[in-house]
Amino acid sequence: MSAVKKLSFKKGEIIFKNGEPASHIYLVISGEVGLFFSTDPKNPYITIRENETFGEMGVIDNELRQSRSSCLLDCEVVQIEREIFLKKYESSDTLVKALIKSLSVRLREANKKLMRSR
């Protein structure tokens with residue numbers, strides 16, 4: 001089983017669900033992915049486009065998925081196993097690790113507030 005895979009999804013397909021373990025991060029090669037809170041399952045709170053990543057917060061924070069990711073268009077993504085990402089993360093500069101961790105925690109807290117307001 002490969003640690004990095006290129007995957008294709010059709011419009012409407014779910015990549016991961018709210019509450020699942022964060023075992024991968026994703027890079028969008030083509031298409032668009034919407035992230036949806038359980039409180040508003042029809043309207044994405046953010047749209048992820050080409051050359052953007054998603055799914056990293058749960059990997060960095062070792063938390064469950066906070067949202068559902070669904071393809072808004074047909075998509076190609078690169079799926080990267082948690083262990084591969086964490087090796088790169090852990091080998092990075094201390095300042096970079098602190099910055100990434102801080103941004104992830106802040107974003108998670110902002111998402112929780114946004115979810116409660118919907």
Side-chain angles (χ1 to χ4, degrees):
M1 181 179 237
S2 176
V4 178
K5 292 190 228 181
K6 188 175 181 181
L7 303 173
S8 296
F9 294 93
K10 294 290 183 191
K11 179 180 178 179
E13 280 192 86
I14 295 172
I15 298 174
F16 58 74
K17 296 178 184 175
N18 180 43
E20 289 182 345
S23 56
H24 299 88
I25 67 166
Y26 300 87
L27 170 67
V28 176
I29 302 302
S30 65
E32 292 183 353
V33 175
L35 300 182
F36 298 81
F37 290 134
S38 58
T39 54
D40 191 359
K42 295 190 185 237
N43 299 301
Y45 69 91
I46 193 166
T47 300
I48 310 299
R49 294 181 173 86
E50 189 175 312
N51 296 320
E52 295 181 337
T53 61
F54 64 100
E56 68 284 339
M57 281 177 29
V59 170
I60 292 166
D61 297 345
N62 197 27
E63 297 279 339
L64 297 177
R65 298 288 189 200
Q66 192 176 37
S67 59
R68 179 188 90 235
S69 63
S70 296
C71 297
L72 303 175
L73 303 170
D74 289 353
C75 293
E76 286 194 344
V77 301
V78 174
Q79 179 189 61
I80 303 157
E81 281 187 11
R82 172 188 179 89
E83 294 75 21
I84 297 297
F85 174 78
L86 289 177
K87 282 181 187 175
K88 291 182 178 294
Y89 175 74
E90 290 301 326
S91 68
S92 63
D93 180 86
T94 303
L95 176 61
V96 172
K97 286 192 295 193
L99 176 65
I100 291 170
K101 181 72 172 175
S102 176
L103 290 172
S104 182
V105 168
R106 289 177 190 162
L107 182 56
R108 184 174 290 280
E109 289 305 312
N111 283 348
K112 286 178 184 176
K113 289 179 183 176
L114 182 60
M115 190 177 354
R116 285 192 294 269
S117 72
R118 288 185 162 214

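Throughout, residue positions are numbered sequentially from 1 according to the sequence presented.
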Once you round to the nearest 0.5 Å, how far does [atom1] of [X] lie from [atom2] of [Y]?
X	Y	atom1	atom2	result
Ser30	Glu76	OG	CD	4.5 Å
Asn111	Arg116	CG	CZ	11.0 Å
Ile25	Arg82	CD1	CZ	11.0 Å
Asp74	Lys11	CG	NZ	8.5 Å

Check for me, please, whether [X] and [Y] land in the same ILVMFWY cluster - side-chain distances under 4.5 Å, paths through other members count.
X	Y	answer
Leu64	Leu114	no
Val96	Ile84	yes
Leu72	Ile29	no
Val59	Ile80	yes
Phe37	Ile15	yes

Side chains of Thr47 and Arg49: is there a donor and an acceptor less than 3.5 Å apart?
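Arg49 and Thr47 do not have a side-chain donor-acceptor pair below 3.5 Å.
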Least distance between heavy atoms, Asn51 atom then Leu27 atom
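Closest approach of Asn51 to Leu27, heavy atoms only: C-CD1, 3.7 Å.
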Looking only at heavy atoms, which two atoms of Ala22 and Gly58 are closest? And how far apart?
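In this case the closest contact between Ala22 and Gly58 is CB-C, 3.4 Å.
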Check: Arg65 side chain, Gly55 main-chain N or O, donor-acceptor pair, under 3.5 Å
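Judged by distance alone, yes, a pair lies under 3.5 Å.
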Can you tell me if Arg68 uses its side chain to pair, donor with acceptor, with the backbone of Ile14 under 3.5 Å?
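Absent.
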Show your working on side chain to side chain contact (heavy atoms under 4.5 Å, CB included) between Leu73 and Glu32 and close with a plain yes or no.
CA-CA 5 Å; Leu73 303 170; Glu32 292 183 353; 3.8 Å; yes
Can you tell me if Lys17 has over 12 outside heavy atoms packed within less than 6.0 Å of its NZ?
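No, not enclosed.
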Take atom NZ in Lys97; do more than 12 heavy atoms of anything else shown fall under 6.0 Å from it?
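Check passes, neighbour count above 12.
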[X] vs [Y] side-chain heavy atoms within contact, under 4.5 Å:
X	Y	answer
Phe16	Ser69	yes
Phe9	Val77	yes
Gln66	Lys112	yes
Ser67	Asn18	no

Start with the C-alpha distance between Ile60 and Tyr89, add both sets of side-chain angles, then the distance that settles side chain to side chain contact (heavy atoms under 4.5 Å, CB included), and finish with yes or no.
CA-CA 9 Å; Ile60 292 166; Tyr89 175 74; 4.3 Å; yes
Mind running side chain to side chain contact (heavy atoms under 4.5 Å, CB included) on Ile46 and Phe54 for me, showing each step along the way?
CA-CA 10 Å; Ile46 193 166; Phe54 64 100; over 6 Å; no
State whether Arg106 and Glu109 are salt-bridged, where the test is any N-O pair (Lys NZ or Arg NE/NH1/NH2 against Asp/Glu carboxylate O) under 4.0 Å.
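Result for this pair is no, no salt bridge flagged.
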Out of Val105, Leu99, Leu107, Ile100, which one pairs with Leu103 under the side-chain contact (heavy atoms from CB on, under 4.5 Å) rule?
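Of the listed residues Val105, Leu99, Leu107, Ile100, the side-chain contact (heavy atoms from CB on, under 4.5 Å) partner of Leu103 is Leu99.
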Parallel under 30°, tilted from 30 to 60°, perpendicular over 60°: which one fits the rings of Tyr26 and His24?
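Tilted: the ring planes of Tyr26 and His24 meet at 30° to 60°.
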